[in-house]
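One structure is given below, encoded as structure tokens.
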Amino acid sequence: MASEQSSAPQNGQSGEIETHVVIVGAGPVALFAVFELGLVDIECHLIDILDKPGGQCAELYPEKPIYDIPGLPVVSGQELTDRLMEQIEPFGPTFHFNQRVDQLERLKDGRFRLITDTGQAFVAKVVVIAAGGGSFTPKRPPLQGIEAFEGQSVFYSVRRIEDFRDRNIVIAGGGDSALDWTHALAPVAASLGLVHRRDKFRASPDSVNRMLKSVEAGDMEFVLGQVTGLQGEGGKLRSLTIRDNNGEETERPCDCLLPFFGLTMKLGPVADWGLNLHENLIPVDTEKFETSEKAIFAIGDINTYPGKLKLILSGFHEAALMAQQAHAYVHPGEKLLFQYTTSSSSLQKKLGVK
Amino acid sequence: MPKITYIEHNGTEHVVDAEVGMTVMEAAIKNKVPGIEAECGGACSCATCHVYVTDSWRKTTGEPEEMEEDMLDFAFDVRESSRLSCQIRVTDELDGLVVHVPEKQF
């Protein structure tokens, strides 16, 4: 199965990828859509902001048991993801991880162009939005006025280490991301402080030991406490207020803050694609699960219709019906014969079991 | 049924009837208490059902287990009384429990 892990554009602006269907999202419903589309000879590219398939199943509850998948009395989020990946392998989908679809426009020939935040462009006959609760985005600490500093002094990710050279950096958080970036930025920072509420970390012991050694060597500082305030003007951060665990507040000079408090789901750019929305969900019909725009479908948690249940199994059903209509757009004029995988030799050939 | 009081940051109180066996988060969601988001649905993996347990109740609700303590790293303005409400199971002993909801979950 082809997989493009890197967040850097693989082919640049010119390396447009043409395909039948682009699926926005790679959660369980998106994965099963690959299966249903594959059975009717449709190839797919999937784009997901996470670095792995499975969506919420893999990100939020990989080890938690799910009890309402038909035929699987109990299955963990990760196992369901793994099994779906196995099930769709015959169809060879291509995954594009660490990318978010930012733009979606209809071309003159009726197809769609999608562009991701890394500049990768796709052209497809059909778009399937299977984006669940939206895209996982870094949590923004509810600090007064933080928005004004974002992009200049407050960052939620690091694209280029060089941009952080000679800055007085504070990293807030105690997880793997916080520690990983502590290691990466220590060599270039003018000063570096890690602010965390306790002296325990939710990160690999290796990473923690490395950080403690850097502190010992004087390359950085570890500050026990939490950031409670920001000071500065015109987007330029001057200092942070840090409260220690006894409630005492101190000010620390800082011109660059990197908060790492995990991810939250936000609808994101889907809202700007000209689709009808209802309370941040996409209304669809219940025959084809098509949106207000022809050839753009929405399946899984992100859609809404009378009686909608946000269950994985509902999303599977929606994927099957969507594929029937997608076939009409991708292979116009071709007759679609309803067949069972149990008995159809042509379907079994596609699945590689015959 | 045990009664639980949720006090919003602005002081608004919500008293709800909670069934024994459900979690303090579920009782809040079922009764549409503002400020408890519970994005992950109770899997202890998002830290958006953060509450502060009133001091007099902390002994009865108990202390967070390691997984919850880890996840509290992803909450904002964490204090000694901080708990994730999806990890507090409602019992008869918790009748009268009072928790405070933070200003923002994130």
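Proteins come first, then strands; the chains are lettered A, B, ... in the order of their sequence lines, and each starts at number 1. In this text, all values refer to a predicted model and were calculated from it rather than measured experimentally.
- No side-chain heavy atom of B/Val20 sits under 4.5 Å from any side-chain heavy atom of B/Met1.
- If you measure heavy-atom distances from A/Lys64 to chain B, the contacts under 4.5 Å come from the side chain alone.
- Contact residues of residues 75-84 of chain A toward chain B are absent (heavy-atom distance under 4.5 Å).
- Against chain A, the residues from residues 30-39 of chain B that qualify, each with a non-hydrogen atom under 4.5 angstrom away, are B/Glu39 in number order.
- For A/Lys308, the NZ atom counts as densely surrounded, since its 6.0 Å shell holds more than 12 non-hydrogen atoms of other residues, nucleotides or ligands.
- Both tests do not hold together for B/Arg83 against B/Tyr52: distance to the six-membered ring centre under 6.0 Å, angle to the ring axis within 45°.
- Centroid-to-centroid, the aromatic rings of B/Phe74 and A/Phe261 stay 6.0 Å apart or farther.
- Between B/Pro64 and B/Gln87, the closest side-chain pair of non-hydrogen atoms is not below 4.5 Å.
- With a threshold of 4.5 angstrom between heavy atoms, A/Arg140 approaches chain B through N, CA, C or O but not through any side-chain atom.
- Heavy atoms of B/Glu69 lying under 4.5 Å from chain A belong to its backbone as well as its side chain.
- Between A/Phe222 and A/Phe201, a ring centre-to-centre spacing shorter than 6.0 Å is recorded.
- B/Ala47 touches chain A through backbone and side chain together, each having a heavy atom under 4.5 Å away.
- Here A/Leu230 contributes atom CG and A/Phe149 contributes atom CZ; the two are 5.5 Å apart, rounded to the nearest 0.5 Å.
- Ranked by heavy-atom pairs shorter than 4.5 Å toward chain B, the options A/Gln56, A/Lys200, A/His196 are led by A/His196.
- Proximity of A/Ile66 to A/Val74: side-chain heavy atoms (C-beta onward) are nowhere separated by under 4.5 Å.
- Side chains of A/Asp206 and A/Ser204: a donor-acceptor N/O pair is absent below 3.5 angstrom, by distance only.
- Remark: A/Lys139 is positioned above the aromatic ring of B/Phe106, its terminal NZ or CZ atom under 6.0 angstrom from the ring centre and at most 45 degrees off the axis.
- Using a distance-only test at 3.5 Å, with no hydrogens or angles considered, a donor-acceptor pair links the side chain of A/Ser314 to the main chain of A/Leu309.
- Counting only heavy atoms from C-beta outward, the side chains of A/Met211 and A/Met220 approach each other to under 4.5 Å.
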